[in-house]
Amino acid sequence: GVSSPANRPLEGLRVVELGALVAAPFCGMLLGDLGAEVIKIEPPEGDMARAFAPFVEGESAFFMSVNRGKRSVAVDVKDPEALLWVRKIAASADVVIHNYRSGVAERLGLGYADLQSENPGLIYCAVSGFGPSGPMAKRPGIDLIFQAESGMLAITGTPDGPPVKVGTNAADVYAATTAAACINAALVRRGITGLGCQVDVSLRDAFLSLQACWFGSYLATGIQPARVGAGSPFTAPTDVYPTADGYIVLAVVNDKHWRIFCETLGLTDLADDSRFVDNESRVTHVEFLRKIVSDSLAARTTADWLSAFKSAQIPAGEVMEYADVVADEQVQLNQMVIEFQHAGGFAVRTQGVPFWFDGVKADLVVPPPALGQHTIEILREMGCTEEAARRLAER
């Protein structure tokens, strides 16, 4: 294989992404973070995400957050001449990923069968809403629908409130991460057999699989898990509690921790209370327990309690807003906020990568692309003449 620095294990591999919004683009970005060359094919008006506010110097922060490390080709695939070149680019890839609606890629001649005949080693990944076949295969969907129809909304929120979505577009991101894992597994197999394969990931299915512990409990008991806010149906006291000046989260997950927790709060008699003698009892009497714990924690500041729980080795944390996260010493040490120079000549800050290889973080130097920034360059690399490349780019 191609020799590469330890922290860029996919160096030398080409990924072609026919993606919009989040699911395919986040997967493409992950593969790029791992060292792959990523070519993003966009329509002339660009990926829809480019229109999402807020904007930095006219570029969407939403778009930039999931498209670093890529080159952008902007052409109209409905133009027969342009489509020929897009097919050529896709057939030259090690990996093709898209999140078109079911049947669209095939209609354009960009399906697995079309490209695999030219490139038997191709790994072709389709991220769809509901799967490659069945009554919902062609149904459009967005993250909120996958959250609703995977059961996630029904278990999220407070007992007396309406169903609530996870704060971020978690279904998109988890499906993208699942797709990246499958693609890397397929690359390992290709290294042995020389053959590629077709990978299909359903957004709804991925988000259902994310709920393994909750869904597994339902399958075992037939009982729908209640909405418990920030609490847990499995352990108590585990929740978010107000302090004298903010909020703290904590988790007491076993009986040994429970005794230490009671001592830390100065409520030693609580440790032997029959209602709280073991975890199952504490979960049963969680409402009463929550009131006792809340009253105790309200007396001191978040910093006081964090210090006390740290000494006692009870898992506890602060409810941080993004400003707190950015300022956090460990976040900075882990290089989780990084800065790029965009092609437009301005600085962009975005999230770093959550992994190391041999103790080294990936060196992310390629900023998110401007729309069509590399169209002519990549068409020329594919053997298109300068004149034809310019004509296609302008058209």
Side-chain angles (χ1 to χ4, degrees), residues 151-152 154-161 164 166-168 170 174 209-221 223-321 324-325 327-331 333-334 336 354-355:
M152 182 63 93
I155 62 168
T156 309
T158 55
D160 52 350
V164 174
V166 177
T168 182
Y174 188 65
S209 75
L210 182 75
Q211 299 166 63
C213 304
W214 276 250
F215 191 52
S217 298
Y218 166 74
L219 293 175
T221 64
I223 298 167
Q224 168 69 22
R227 290 201 289 278
V228 291
S232 165
F234 307 111
T235 61
T238 296
D239 212 328
V240 56
Y241 297 96
T243 63
D245 65 347
Y247 289 94
I248 192 170
V249 296
L250 57 90
V252 175
V253 295
N254 60 41
D255 297 337
K256 178 185 159 198
H257 274 174
W258 168 242
R259 301 197 81 83
I260 297 167
F261 177 73
C262 291
E263 285 162 25
T264 308
L265 261 59
L267 299 172
T268 42
D269 53 332
L270 212 59
D272 296 311
D273 189 312
S274 61
R275 292 167 299 182
F276 311 131
V277 70
D278 57 26
N279 186 61
E280 190 179 0
S281 306
R282 291 192 294 276
V283 170
T284 303
H285 298 102
V286 68
E287 287 307 318
F288 189 64
L289 182 56
R290 184 184 285 116
K291 171 123 183 53
I292 297 170
V293 174
S294 290
D295 290 348
S296 295
L297 293 174
R300 291 168 64 187
T301 66
T302 301
D304 281 349
W305 285 122
L306 286 175
S307 173
F309 290 134
K310 184 180 178 185
S311 301
Q313 298 210 305
I314 298 288
E318 183 183 350
V319 176
M320 292 181 167
E321 295 191 346
D324 307 314
V325 175
D328 183 81
E329 182 186 7
Q330 190 69 44
V331 168
L333 181 73
N334 290 358
M336 281 309 296
F355 51 79

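Remember, it's a predicted structure, so these values are computed and weren't measured experimentally.
- Note on R282 versus D273: no salt bridge recorded, every NZ/NE/NH1/NH2 to OD/OE distance being 4.0 Å or above.
- What you find for I248 and A316 is that their closest heavy atoms are CD1-CB, 4.4 Å.
- Q313 and H257 get closest at one heavy-atom pair: O-NE2, 3.6 Å.
- Taking OG from S294 and OH from Y241, the interatomic distance works out to 6.0 Å, rounded to the nearest 0.5 Å.
- Interatomic distance, CG of L270 versus CG of L289, reported as 6.5 Å (0.5 Å rounding).
- Contacts of L210 classified as side chain to side chain contact (heavy atoms under 4.5 Å, CB included), with partners at least two apart in sequence or in another chain: M152, Y174, F207.
- With a 6.0 Å radius and a threshold of 12 heavy atoms from other residues, nucleotides or ligands, E280 has its CD atom at or below the threshold.
- Remark: the backbone N or O of M336 is not paired with any side-chain donor or acceptor of N334 at under 3.5 angstrom.
- Minimum heavy-atom separation, S296 to W305: O-CZ2, 3.4 Å.
- The salt bridge (charged side-chain N to carboxylate O under 4.0 Å, His left out) analysis of residues 225-245, with sequence neighbours excluded, yields the pairs D239-R290.
- The two atoms that bring G229 and P159 nearest to each other are N-CD, 4.5 Å, heavy atoms only.
- Counting non-hydrogen atoms of neighbouring residues, nucleotides and ligands closer than 6.0 angstrom, the CZ atom of F288 reaches no more than 12 such neighbours.
- Identified under the salt bridge (charged side-chain N to carboxylate O under 4.0 Å, His left out) test for residues 308-320, with sequence neighbours left out: none.
- Applying the side chain to side chain contact (heavy atoms under 4.5 Å, CB included) rule to V240 yields the partners A230, Y247, V249, V319; only residues at least two apart in sequence or on another chain are considered.
- D295 pairs by the salt bridge (charged side-chain N to carboxylate O under 4.0 Å, His left out) definition with K291, not counting sequence neighbours.
- Checking each of T268, D272, N254, V252 against R259 for a side chain to side chain contact (heavy atoms under 4.5 Å, CB included) leaves exactly one that passes, namely D272.
- In this structure a side-chain-to-backbone donor-acceptor pair under 3.5 Å is present from S232 to T235.
- Here the closest non-hydrogen pair linking L250 and P237 is CD1-O, 3.5 Å.
- In this structure the side chain of P315 never reaches within 4.5 angstrom of the side chain of V253, judged on heavy atoms.
- With hydrogens and angles disregarded, a donor-acceptor distance shorter than 3.5 Å links the side chain of N279 to the backbone of F234.
- When side chains are defined from C-beta on, V293 counts as touching F261, because their heavy atoms get closer than 4.5 Å.
- Between A308 and T264 the shortest heavy-atom distance is CB-CG2, 3.9 Å.
- Rounded to the nearest 0.5 Å, atoms CH2 (W214) and CG (L219) are 14.5 Å apart.
- By the side chain to side chain contact (heavy atoms under 4.5 Å, CB included) test, S307 pairs with no residue at all, sequence neighbours left out.
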